[in-house]
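Reckoned from all heavy atoms, side chains included, excluding hydrogens, waters and symmetry mates.
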Amino acid sequence: GSPAARAGIENLTKTLAVEWARAGVRINAVAPGLIASSGLDNYPEAMRPMIEQTIQDAPFKRMGTESEVAAVITFLLSPAAAYISGEAVRIDGASSLWRKTWFIEAHHNAPPPFDGFRHNIPDTD
């Protein structure tokens with residue numbers, strides 16, 4: 001299942017980071033949580049209530065943005081991350097740390113979504 005696959009990717013990332021370091025190759029991974037993207041359009045309508053409940057159950061009470069994922073990837077590809085290797089960065093607003101046994105009160109204190117990579121491109125029609 002998904003937890004086993006994620007653990008495998010994290011372990012592979014760590015192993016390859018050590019093995020390929022001598023070649024100057026850095027290995028990192030990103031592990032996005034629920035992200036507001038066009039991919040959500042592929043879910044059947046019957047899944048919408050479950051997705052909404054997942055958002056309400058999440059510590060930040062929102063989905064992540066494509067820009068938040070892109071920003072982490074951009075950083076990891078940049079020279080600023082030259083000494084980072086073997087890491088799997090979770091982009092999930094602490095959702096992977098949360099368990100249904102914890103009650104998280106409704107709030108509006110999550111950091112605002114980052115949407116810094118959108119461009120206003122005028123229609124050419």
Side-chain angles (χ1 to χ4, degrees):
S2 181
R6 287 177 191 255
I9 292 297
E10 289 185 22
N11 194 9
L12 180 65
T13 299
K14 292 175 187 321
T15 300
L16 293 178
V18 172
E19 290 180 0
W20 293 5
R22 70 177 171 266
V25 176
R26 294 182 305 111
I27 306 293
N28 293 296
V30 295
L34 187 57
I35 303 298
S37 70
S38 61
L40 291 175
D41 296 339
N42 295 321
Y43 289 102
E45 191 62 36
M47 291 292 293
R48 301 280 179 224
M50 190 172 110
I51 292 169
E52 274 305 311
Q53 186 60 52
T54 300
I55 294 167
Q56 293 312 307
D57 289 343
F60 276 14
K61 309 294 185 194
R62 70 171 178 89
M63 287 190 274
T65 67
E66 292 170 322
S67 292
E68 289 167 327
V69 176
V72 171
I73 294 168
T74 300
F75 168 70
L76 287 173
L77 292 172
S78 78
Y83 205 57
I84 299 174
S85 193
E87 291 301 318
V89 180
R90 292 182 177 167
I91 310 162
D92 67 1
S95 291
S96 58
L97 305 174
W98 172 86
R99 297 295 174 260
K100 202 76 158 148
T101 56
W102 298 357
F103 175 72
I104 300 171
E105 297 177 20
H107 65 83
H108 300 283
N109 297 322
F114 175 69
D115 201 15
F117 294 104
R118 295 218 180 255
H119 296 282
N120 292 328
I121 301 171
D123 290 334
T124 57
D125 294 339

S.K.: To the nearest 0.5 Å, how far apart are CD1 in I27 and NZ in K14?
M.R.: 13.0 Å
S.K.: What residues form a side-chain contact (heavy atoms from CB on, under 4.5 Å) with A21, not counting sequence neighbours?
M.R.: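 Scan of A21 (side-chain contact (heavy atoms from CB on, under 4.5 Å), adjacent residues dropped) gives none.
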S.K.: Looking only at heavy atoms, what is the nearest atom pair of R6 and A31, with distance?
M.R.: NH1-CB, 4.3 Å
S.K.: For L12, give me all partners under side-chain contact (heavy atoms from CB on, under 4.5 Å), at least two apart in sequence or on another chain.
M.R.: L16
S.K.: How would you list all residue pairs meeting salt bridge (Lys or Arg N to Asp or Glu O under 4.0 Å) that involve residues 16-25, not counting sequence neighbours?
M.R.: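 For residues 16-25, and leaving out neighbouring residues, there are no salt bridge (Lys or Arg N to Asp or Glu O under 4.0 Å) pairs at all.
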S.K.: Can you list the residues that meet the side-chain contact (heavy atoms from CB on, under 4.5 Å) rule with K61, with sequence neighbours excluded?
M.R.: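 K61 satisfies side-chain contact (heavy atoms from CB on, under 4.5 Å) with I104, H107 once adjacent residues are dropped.
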S.K.: Using only atom types and a distance under 3.5 Å, with no angle test, would you say the side chain of R26 pairs donor to acceptor with the backbone of A81?
M.R.: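 Such a contact is found between R26 side chain and A81 backbone.
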S.K.: Taking only residues two or more places apart in sequence or in another chain, which ones pass ring pair (Phe, Tyr, Trp, His ring centres under 6.0 Å) with F114?
M.R.: F117
S.K.: Mind listing the closest non-hydrogen atom pair of P59 and G93 along with its distance?
M.R.: CB-O, 3.7 Å
S.K.: What are the two closest non-hydrogen atoms of E10 and A88, and how far apart are they?
M.R.: CG-CB, 3.6 Å
S.K.: Is the side chain of T13 donor-acceptor paired with the backbone N or O of E87 at a distance under 3.5 Å, no angle test?
M.R.: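 Not a single qualifying donor-acceptor pair exists.
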S.K.: Minimum heavy-atom separation for P113 and T65, please, with both atom names.
M.R.: CB-CG2, 3.6 Å
S.K.: How close do S85 and N28 get, counting heavy atoms only, and between which atoms?
M.R.: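 That would be CA-OD1, 3.3 Å.
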S.K.: Tell me, please, which residues at least two apart from A58 pass side-chain contact (heavy atoms from CB on, under 4.5 Å).
M.R.: S95
S.K.: Can you run down the salt bridge (Lys or Arg N to Asp or Glu O under 4.0 Å) pairs that involve residues 29-50, sequence neighbours left out, and say none if there aren't any?
M.R.: E45-R48
S.K.: Restricting to side chain to side chain donor-acceptor pair (under 3.5 Å), what partner residues turn up for S96, sequence neighbours left out?
M.R.: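 Residues passing side chain to side chain donor-acceptor pair (under 3.5 Å) with S96: R90, D92.
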S.K.: Could you pull out all residues at least two apart from R62 that satisfy side chain to side chain donor-acceptor pair (under 3.5 Å)?
M.R.: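 In terms of side chain to side chain donor-acceptor pair (under 3.5 Å), with neighbours along the sequence ignored, R62 is linked to E68.
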S.K.: Running the 4.5 Å side-chain criterion over Ile, Leu, Val, Met, Phe, Trp and Tyr, what cluster does V69 land in, apart from itself?
M.R.: V30, I35, V72, I73, F75, L76, L77, I84, V89, I91
S.K.: Not counting sequence neighbours, which residues clear salt bridge (charged side-chain N to carboxylate O under 4.0 Å, His left out) with E52? List them please.
M.R.: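 Result, salt bridge (charged side-chain N to carboxylate O under 4.0 Å, His left out) vs E52: none returned.
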S.K.: Transitively linked via ILVMFWY side-chain contacts under 4.5 Å: M50 with L40?
M.R.: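 Linked within one cluster.
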